[in-house]
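As structure tokens, the structure follows; a few thoughts come after it.
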Amino acid sequence: MTRLVAGHLQIKSNRYYAVITFKKDGKTVSKWINTKLTVRGNKKKAEKFLLEKRIEYSEKLNLSKKEKFVQREDIMTLSELAVKWKKHKKKQVNATTYSGYLVILKNHIEPYFKKHDKYVKDVDSRYIQEYIDYAYNDAELSHKTVSNHRGVLSGMFKYAMVLKEIDKNPMDGIEPAIKTQPVENYYDVETLNKLLESVKGSKLEFPVNMAVIYGFRRSEVCGVKWSAVDFKNGILKINHTVTEAADEKGRVIRLERDETKNKRNKAYPLIDLIRSMMLNMREHQIKLGIYNDDGYVYIDDSGKPISPGYITETFRLHLRKNGFKTIRYHDLRHSCASALLSDKNRSVSLKDIQLWLGHS
């Protein structure tokens, strides 16, 4: 069976061109052939023309199967680049960041590449702009999400430059990403007090108090261990976090690390309210026989650590059930800062708030 030379369609001056790529004297050669077909309504005819030219050049060049195989492997497509870039980044970033890349690639970029695949060397700013338009108009993604997609695409083409597939990043010709003002959702002090009252005695009491009073993230709440709680000296240390991420097969995996998000360990005063709550939690775990000196503080009655995802979902349902304005659990950090800023006597400075929340 004759193997066809590589080829794809390209648009120039509103006309389809069949681009035939092959090797000649050890060098990669691309030949552009004008189909004389305008873009609108002629895609199928152009594809038929391309196939005919691929067959014609395969017979004309009379390349051996080995030569055709080498030629095909030598020219990288966008789909192939996506696969290679994933393998490359997996070794460079943490699992949470990598999981974010996988979601973007799996849900949007890879399907788009598969539908509109072409050789990396032939990608120009027009192709990138068409993808961005798709992300906004067809996929209806937000400015922030599209900005994340742009970051992934830029990283892929930078990697393609390292691989010597291209000399210039096609992202360079694209307008800067649209920057939007972040929406700050938070509760005032009165609402925070009502929220704290509403979670008393529930599974949300611990995470909500830790977020409202200390400004903790989900990863920090789930990562608190009894070994980090010093009841004698009244100190609570944050030196361990728990996050979740999806692997290549879409399975949620638990990630435990002896570091915080900004890689700085923190220590807080164990205020009376939190001290009393945690002593009650410890006593409850001892009675159930699930207490562990070096175990996690936030666990269920079977002794299993509670996940960050549980906090997010349960918090959302609690707000809806109890008539609170919908905010994210993470927005309780903003609420904590807002409450501290609302102090009319200004006994808490901005620097104090920065240190309290662990911002760099």
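All values below come from the heavy atoms of this structure, side chains included, with hydrogens, waters and symmetry mates left out.
Environment of CD in Q92: crowded, with over 12 heavy atoms of neighbouring residues, nucleotides or ligands closer than 6.0 Å. No more than 12 heavy-atom neighbours from other residues, nucleotides or ligands sit within 6.0 angstrom of CG on D167. Residue K203 qualifies as enclosed at atom NZ: its count of foreign heavy atoms under 6.0 Å is above 12. K118 NZ: more than 12 foreign heavy atoms inside a 6.0 Å radius.
Note: the hydrophobic cluster containing L279 also contains Y214 (ILVMFWY, side chain heavy atoms under 4.5 Å, direct or indirect links). No chain of hydrophobic side-chain contacts below 4.5 Å, direct or via other Ile, Leu, Val, Met, Phe, Trp or Tyr residues, connects V120 to Y17. The cluster map of Ile, Leu, Val, Met, Phe, Trp and Tyr, joined by side-chain heavy atoms under 4.5 Å apart, puts V83 and M161 in different clusters. Both F206 and L319 are members of a single hydrophobic cluster when ILVMFWY side chains are connected at heavy-atom separations under 4.5 Å. Follow the hydrophobic side-chain contacts under 4.5 Å out from I306 and you never reach I290; the two are in separate clusters.
The CG atom of L204 lies 5.5 Å from the OG1 atom of T314; values are rounded to the nearest 0.5 Å. One distance of note links CG of N34 with OG of S13; it measures 9.0 Å at 0.5 Å rounding. Annotation: the span from L153 atom CG to H149 atom NE2 amounts to 8.5 Å, rounded to 0.5 Å. Within the model, atoms OG of S276 and CE of M281 stand 11.5 Å from one another, a figure rounded to the nearest 0.5 Å. How far CE of M277 is from CZ of R282: 14.0 Å, rounded to the nearest 0.5 Å. Separating the NZ atom in K43 from the CD1 atom in I11 is a distance of 8.0 Å, to the nearest 0.5 Å.
Checked by atom type and distance alone, the side chain of T35 pairs as donor or acceptor with a backbone atom of Y16 at under 3.5 Å. Between the side chain of H240 and the backbone N or O of R257 there is at least one donor-acceptor pair closer than 3.5 Å. Between the side chain of E205 and the backbone N or O of G201 there is at least one donor-acceptor pair closer than 3.5 Å. A distance-only check finds no donor-acceptor pair linking the side chain of N42 to the backbone of K45 [under 3.5 Å]. For the pair Y101 (side chain) and K90 (backbone), a donor-acceptor distance under 3.5 Å is absent. Within the 3.5 Å criterion, the main-chain N or O of P207 finds a donor-acceptor partner in the side chain of Y329. Listed for the D117 side chain is a donor-acceptor partner under 3.5 Å among the backbone atoms of L78.
Side chain to side chain, Q129 and D133 meet the donor-acceptor criterion of an N or O pair below 3.5 Å. No side-chain donor from either of N14 and T38 sits under 3.5 Å from a side-chain acceptor of the other. Side-chain N/O atoms of D188 and T191 include a donor and acceptor closer than 3.5 Å. Side chains of K121 and S30: a donor on one and an acceptor on the other come within 3.5 Å.
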### Message
Apply side chain to side chain donor-acceptor pair (under 3.5 Å) to residues H284 and Y291 and explain how you reach the verdict.
### Response
CA-CA 8 Å; H284 178 71; Y291 174 76; over 6 Å; no
### Query
Between K31 and K53, does a side chain to side chain contact (heavy atoms under 4.5 Å, CB included) hold up when you go through it step by step?
CA-CA 11 Å; K31 185 173 181 63; K53 289 299 176 183; over 6 Å; no
### Message
Walk me through whether K266 and E220 qualify under side chain to side chain contact (heavy atoms under 4.5 Å, CB included).
### Response
CA-CA 10 Å; K266 298 176 284 187; E220 294 166 340; 2.9 Å; yes
### Query
When you look at F157 and D172, which way does the side chain to side chain contact (heavy atoms under 4.5 Å, CB included) test go after all the steps?
CA-CA 10 Å; F157 290 115; D172 293 344; over 6 Å; no
### Query
Please walk me through it: do I274 and Y268 pass side chain to side chain contact (heavy atoms under 4.5 Å, CB included)?
CA-CA 11 Å; I274 301 299; Y268 293 85; over 6 Å; no
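Side chains of H143 and Y136 form a contact here, defined as non-hydrogen atoms less than 4.5 Å apart. Residues L141 and N148 are not in side-chain contact: their nearest non-hydrogen atoms beyond the backbone lie 4.5 Å or more apart. You'll find the side chain of Y298 stays beyond 4.5 Å of the side chain of M210, heavy atoms only. Within the 4.5 Å cutoff, the side chain of L332 has heavy atoms near those of the F315 side chain. Side-chain contact between Y119 and V19: absent, with no pair of heavy atoms (C-beta onward) separated by less than 4.5 Å. M278 has its side chain within reach of W226: a pair of non-hydrogen atoms, C-beta onward, lies under 4.5 Å apart. For the pair I33 and F49, the minimum side-chain heavy-atom distance is below 4.5 Å. Side-chain atoms of L270 and F231, non-hydrogen and from C-beta on, do get closer than 4.5 Å to each other.
The minimum heavy-atom distance linking C222 with S307 is given by the pair SG-C, 3.8 Å. Shown here for V146 and A135, the closest heavy-atom pair between the two residues is CG2-CB, 3.9 Å. Closest of all the heavy-atom pairs between T243 and S219 is CG2-CB, 3.6 Å. Of all heavy-atom pairs between A267 and I235, the closest is CB-CG2, 4.1 Å. Here the closest heavy-atom approach between residue T77 and residue E80 is recorded as N-OE1, 2.9 Å. Nearest approach of A95 to L255, heavy atoms of both residues: CB-CD1, 3.3 Å.
You'll find the ring centres of H108 and Y112 outside the 6.0 Å limit. Taking the six-membered ring for Trp and the full ring otherwise, the centers of Y134 and Y131 sit less than 6.0 Å from each other.
A salt bridge does not link K44 with E47: every distance from a Lys NZ or Arg NE/NH1/NH2 to an Asp or Glu carboxylate oxygen is 4.0 Å or more. E110 and K86 are joined by a salt bridge, as a carboxylate oxygen and a charged side-chain nitrogen come within less than 4.0 angstrom of each other. In summary, K194 and E190 engage in a salt bridge, as defined by a charged side-chain N under 4.0 Å from a carboxylate O. No salt bridge links D272 with R275; every basic N to acidic carboxylate O contact stays at or beyond 4.0 Å.
Ring-plane geometry between F324 and H318 is classed as parallel, the angle between the planes falling under 30 degrees on a 0 to 90 degree scale with a further cut at 60. Between Y159 and H88, the ring planes are parallel. Angles under 30° get that label, and only those over 60° would be called perpendicular.
Figure legend: cation-pi geometry between R254 and Y296, with NZ or CZ positioned under 6.0 Å from the six-membered ring centre and within 45° of its axis.
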